[in-house]
Amino acid sequence: FAQFSYQFWLVAIAFGIAFFMPFARVLTGIAITVIGLLVIGIMPHLTAASYPAPEVKPPADHRVLRVMSFNTWLENANVDGIVAEVERNDPDILVLLEFGNEKRAVLDRLKARWPYQDDCRHLDHCYMAVVSKFPIADFESHAAWVGPPMVRASFGKELGGLTVIGTHTIRFPYMRAQLTQ
């Protein structure tokens, strides 16, 4: 239920306020809930459109590595939008989550700038990919095991043997599987 905590608080507060109304209590509670849900739904769209990728200035003797984890949403078929968001953030290493076979064109379009790619889409219930500007020295993926679906990409000497792990746990209403993971 953690995914819906804002919504649960909204309903509790809306009907708490409605309780003190002299009339139309249920209508007031429903109206506040609907308006609140609209605000909760619109806020990410308003803020994401104006939120620029952060500028990071490393110290002279350090190197900055930009790593991005991007949940593309399994039902999202907007390949252009996914590619645009990746290019806007310009990560060195990218982990794509909820990345099904219908999004294969994204990998093809990113290949020029992110030539090193691997994924676990060949496994049941494992919809992830790792895309990188650096060679992937070792790649591993799991889906049907005790734990959530995961990908692990290890890099070579140029990144000091860095390992990046991407994972995506199942959510409510699949509570038994979520607890197992």
Side-chain angles (χ1 to χ4, degrees), residues 1-5 44 47-49 51-181:
F1 291 104
Q3 263 85 44
F4 300 104
S5 57
T47 58
Y51 181 74
E55 281 295 321
V56 179
K57 302 223 186 280
D61 62 339
H62 286 80
R63 174 182 181 179
V64 170
L65 183 69
R66 294 176 59 99
V67 179
M68 179 181 176
S69 176
F70 184 15
N71 187 327
T72 64
W73 188 41
L74 207 52
E75 295 178 26
N76 178 14
N78 184 355
V79 171
D80 293 334
I82 294 169
V83 170
E85 186 65 11
V86 171
E87 289 174 342
R88 181 180 77 85
N89 283 280
D90 192 30
D92 296 309
I93 301 170
L94 167 66
V95 178
L96 294 163
L97 306 172
E98 292 194 25
F99 191 76
N101 287 324
E102 69 284 351
K103 296 178 185 134
R104 183 76 190 164
V106 170
L107 294 180
D108 296 336
R109 289 181 52 188
L110 296 176
K111 191 82 169 166
R113 285 176 63 188
W114 292 272
Y116 305 101
Q117 303 178 350
D118 215 330
D119 62 69
C120 70
R121 293 172 303 129
H122 62 282
L123 300 172
D124 288 339
H125 309 295
C126 190
Y127 305 104
M128 291 180 273
V130 176
V131 176
S132 173
K133 294 178 179 177
F134 300 95
I136 298 171
D138 187 34
F139 184 82
E140 174 185 13
S141 59
H142 295 285
W145 67 307
V146 178
M150 62 83 74
V151 291
R152 180 190 54 78
S154 296
F155 298 88
K157 288 185 262 181
E158 64 276 350
L159 295 182
L162 175 73
T163 296
V164 174
I165 297 174
T167 185
H168 192 276
T169 58
I170 199 163
R171 304 182 309 200
F172 178 82
Y174 308 102
M175 290 173 39
R176 175 176 279 172
Q178 186 179 32
L179 291 172
T180 300
Q181 290 180 353

Expected output: side-chain S141 to main-chain M150 donor-acceptor under 3.5 Å | no
Measure the CZ-CD distance between R152 and E140 for me, rounded to the nearest 0.5 Å.
-> 4.5 Å
Check for a donor-acceptor pair, side chain of N76 on one end and backbone N or O of N78 on the other, with a separation under 3.5 Å.
-> yes
Can you check whether L159 reaches L65 side chain to side chain, under 4.5 Å on heavy atoms?
-> yes
V95 side chain reached by H168 side chain, heavy atoms, under 4.5 Å | no
Starting at CD1 of I93, measure out to CZ of F155 and round the result to the nearest 0.5 Å.
-> 3.5 Å
Could you grab the distance from atom OG of S132 to atom CG of D92, nearest 0.5 Å is fine?
-> 7.5 Å
Determine the minimum heavy-atom distance between G100 and L74, stating which atoms define it.
-> N-CD1, 4.0 Å
Minimal heavy-atom distance between F70 and V86, with the atoms involved, is CD2-CG2, 3.9 Å
Side chain to side chain contact (heavy atoms under 4.5 Å, CB included) between D80 and R109, intermediate numbers included | CA-CA 9 Å; D80 293 334; R109 289 181 52 188; 2.4 Å; yes
Quick one: closest heavy-atom pair of N101 and R121, and the distance?
-> OD1-NH1, 3.1 Å
Given side chain to side chain contact (heavy atoms under 4.5 Å, CB included), test T72 with Y127 step by step and report yes or no.
-> CA-CA 10 Å; T72 64; Y127 305 104; over 6 Å; no
State the CD1-OG distance between I165 and S154, to the nearest 0.5 angstrom.
-> 8.0 Å
Shortest non-hydrogen contact from L107 toward Q117 = O-NE2, 3.0 Å
With a 4.5 Å limit on heavy-atom distance, are the side chains of F134 and L162 in contact?
-> no
Hey, what do you get for CD (E87) to CG (L110), rounding to the nearest 0.5 Å?
-> 6.5 Å
Minimum heavy-atom separation for M128 to G166, with atom names?
-> SD-O, 3.7 Å
Write down the atom of P91, the atom of M68, and the distance for their closest heavy-atom approach.
-> CB-CB, 3.6 Å
Close side-chain approach of E98 to W73, heavy-atom, < 4.5 Å = yes
